[in-house]
Amino acid sequence: MSNINWGIIGCGNVTEKKSGPAFNKVANSSLVAVMRRDAEKAADYARRHGVGTWYSDADELMNNKSINAVYIATPPASHMDYAITALGKGFNVYVEKPVTRNAAEARQIAEAVKQYPNQKLTIAHYRRGIPMFLKVKQLLESGLVGDVRTVQIRMWQSRKPETATDAANNWRVHPELSGGGYFHDLAPHQLDLMLFYFGEPEKYSGFSLNQSGATPADDNVSGQILFKNKVVVNGSWCFNVAENQKIDSCEIIGTKGRITFPFFGNFISWKTDDDEQTLTFIHPEHMQQPMIEKIVAYFNDEGPNPCSIEEAITLMDIMDAFTGK
């Protein structure tokens, strides 16, 4: 296998622990250069993480001849342009989630992937590689809870003052940058796992609204999906509830029992007529490392694409339907 030499476009918070250090911990992978528009912050990141080269301009990073792959970790508004540019310059590309602000932009990336058939692109739905979520998939495939009938997703959070006061500088609550609000930041993880577990959806619908008016973004989203295997998923995302009503829960109900787990926690519980258990997991130090291992293999023709642009388009179609786009 050849070495994958990475450049990061947008070395912000997500790259500090979840992804950035993993590029140097995966075999046949090295982090060569980083970029952030704030030159001082780019230099600081490079110094702290032992990266030899930093830039404040993405074009300069993509002119670095020692790089052969680009990780795009900016806010979603710039994902499409950076991805298409990187493909055109001959790079393999790894794009953070959500892949874009909407499905139309994701389809433009898909067209670029077709236009540059020698390049590869994958999406950062990295929970597909985390042991806890793979265990859920294994339990479902084992028939532990029988035929799945319904899935109930609830992601309710309070609007804490420290979050609200920083709204002006928080790209997540500005739809022109993120595509929506906290739903666009968190729901891709949850909805992608539904696709990972249950396959191709048949139809989906939903609605969203800005109940509190605390930010420019909608803060309450509801949606439902009917999968072709007749699994029904109902989801509720609300980011303005009381502090004592916060919840992060997925309940998968079948003909023999129930599996329950949080998307941002570390346990799986199940209950059937014959058994009741809870498993606790220790997540990887760098949450994206298992995914990056799969990506490096894919870029080296040693494995499949762990998450294709076509799968991401399906996800964005669902999110657009839920938010009325």
Side-chain angles (χ1 to χ4, degrees), residues 7-10 12 14-15 19 35-37 58-59 61-62 69-117 119-128 170-192 194-196 200-201 204-208 210 215-218 221 223 225 237 288 291 295 305-325:
I8 296 178
I9 297 177
V14 71
T15 70
S19 60
M35 171 269 167
R36 190 166 179 171
R37 287 183 299 174
D59 288 332
L61 179 140
M62 287 188 279
V70 169
Y71 168 45
I72 299 169
T74 59
S78 55
H79 286 186
M80 181 185 72
D81 289 342
Y82 281 143
I84 292 172
T85 299
L87 290 167
K89 287 181 175 289
F91 294 108
N92 290 328
V93 180
Y94 180 36
V95 186
E96 259 302 334
K97 62 81 209 163
V99 61
T100 47
R101 291 176 294 186
N102 52 57
E105 291 181 349
R107 285 186 167 85
Q108 291 190 55
I109 294 179
E111 288 302 313
V113 171
K114 293 177 184 177
Q115 184 179 352
Y116 303 107
Q119 311 315 130
K120 296 179 177 180
L121 180 140
T122 194
I123 314 303
H125 292 303
Y126 58 85
R127 275 171 168 71
R128 293 181 176 208
N170 185 355
W171 60 265
R172 290 171 178 82
V173 296
H174 291 276
E176 70 277 11
L177 297 177
S178 65
Y182 290 117
F183 173 78
H184 276 68
D185 186 39
L186 301 177
H189 290 304
Q190 300 155 331
L191 294 174
D192 179 70
M194 297 301 100
L195 297 172
F196 187 52
E200 190 175 351
Y204 33 84
S205 62
F207 65 89
S208 67
N210 189 341
T215 74
D218 285 358
V221 180
I225 308 169
W237 293 262
Q288 294 198 30
M291 187 71 164
I295 293 168
N305 189 341
C307 186
S308 69
I309 183 61
E310 289 77 18
E311 292 172 288
I313 288 171
T314 299
L315 172 65
M316 295 309 302
D317 278 334
I318 293 170
M319 292 180 63
D320 285 359
F322 285 9
T323 57
K325 292 185 177 179

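In this text, all values refer to a predicted model and were calculated from it rather than measured experimentally. Just so you know, residue 1 is the first one in the sequence shown, and it goes up from there.
Not counting sequence neighbours, the partners of Tyr71 by the ring-ring contact (aromatic ring centres under 6.0 Å, His included) test are Phe23, Tyr94.
A distance-only check finds no donor-acceptor pair linking the side chain of His125 to the backbone of Asp192 [under 3.5 Å]. In this structure, Asp320 contributes its side chain and Ala103 its backbone to a donor-acceptor pair below 3.5 Å. The closest donor-acceptor contact from the side chain of Arg101 to the backbone of Glu176 lies under 3.5 Å. A donor-acceptor pair under 3.5 Å is formed between the side chain of Gln119 and the backbone N or O of Gly90. A donor-acceptor distance shorter than 3.5 angstrom exists from the side chain of Thr100 to the backbone of Ala106, with no hydrogens or angles considered. Under a 3.5 Å cut-off, the side chain of Asn210 and the backbone N or O of Thr215 do form a donor-acceptor pair. With hydrogens and angles ignored, the 3.5 Å screen pairs no side-chain donor or acceptor of Thr74 with any backbone N or O of Ile9. Between the side chain of Asn92 and the backbone N or O of Lys120, at least one donor-acceptor pair lies under 3.5 Å.
Looking at heavy atoms from C-beta onward, Asp317 lies in side-chain contact with Arg107 at the 4.5 angstrom threshold. Put simply, the side chain of Leu191 reaches to within 4.5 Å of the side chain of Phe183, judged on heavy atoms. Taking 4.5 Å as the limit, some side-chain heavy atom of Arg128 sits within range of a side-chain heavy atom of Cys307. Two residues are said to be in side-chain contact when any heavy atoms from C-beta on lie closer than 4.5 Å; Ile84 and Met80 meet this criterion. Under the 4.5 Å side-chain criterion, counting only non-hydrogen atoms from C-beta, Tyr182 is in contact with Asn170. Annotation: side chain of Phe322 is in contact with side chain of Ile225 (closest heavy-atom distance under 4.5 Å).
Across all their heavy atoms, Val93 and Ala83 have their closest contact at CG2-O, 4.3 Å. The shortest non-hydrogen separation linking Gly88 to Tyr116 is CA-CZ, 3.5 Å. Listed here is the closest heavy atom pair of Gly12 and Thr15: O-OG1, 2.7 Å. For Pro98 against His79, the heavy-atom pair with the smallest separation is O-ND1, 3.1 Å. Minimum heavy-atom separation, Phe91 to Ala69: CD2-N, 3.8 Å. Heavy-atom minimum distance, Pro306 versus Ile295: CG-CG1, 3.8 Å.
Within the model, atoms NE2 of His184 and CH2 of Trp171 stand 10.5 Å from one another, a figure rounded to the nearest 0.5 Å. Here the straight-line distance linking atom CD of Gln108 with atom CG of Asp81 works out to 8.5 Å at 0.5 Å rounding. Taking OG1 of Thr85 as the start and CG of Asp59 as the end, the distance is 7.0 Å to the nearest 0.5 Å.
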Apply side chain to side chain contact (heavy atoms under 4.5 Å, CB included) to Gln288 and Val14, showing your working.
CA-CA 10 Å; Gln288 294 198 30; Val14 71; 4.1 Å; yes
For Lys97 and Leu315, what are the C-alpha separation, side-chain angles and deciding distance, and is it a side chain to side chain contact (heavy atoms under 4.5 Å, CB included)?
CA-CA 10 Å; Lys97 62 81 209 163; Leu315 172 65; over 6 Å; no
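Of the options Ile313, Thr122, Ile309, Leu121, a side-chain contact (heavy atoms from CB on, under 4.5 Å) to Val99 is made by Ile309 and by none of the others.
A side-chain donor-acceptor contact under 3.5 Å links Glu311 and Ser308.
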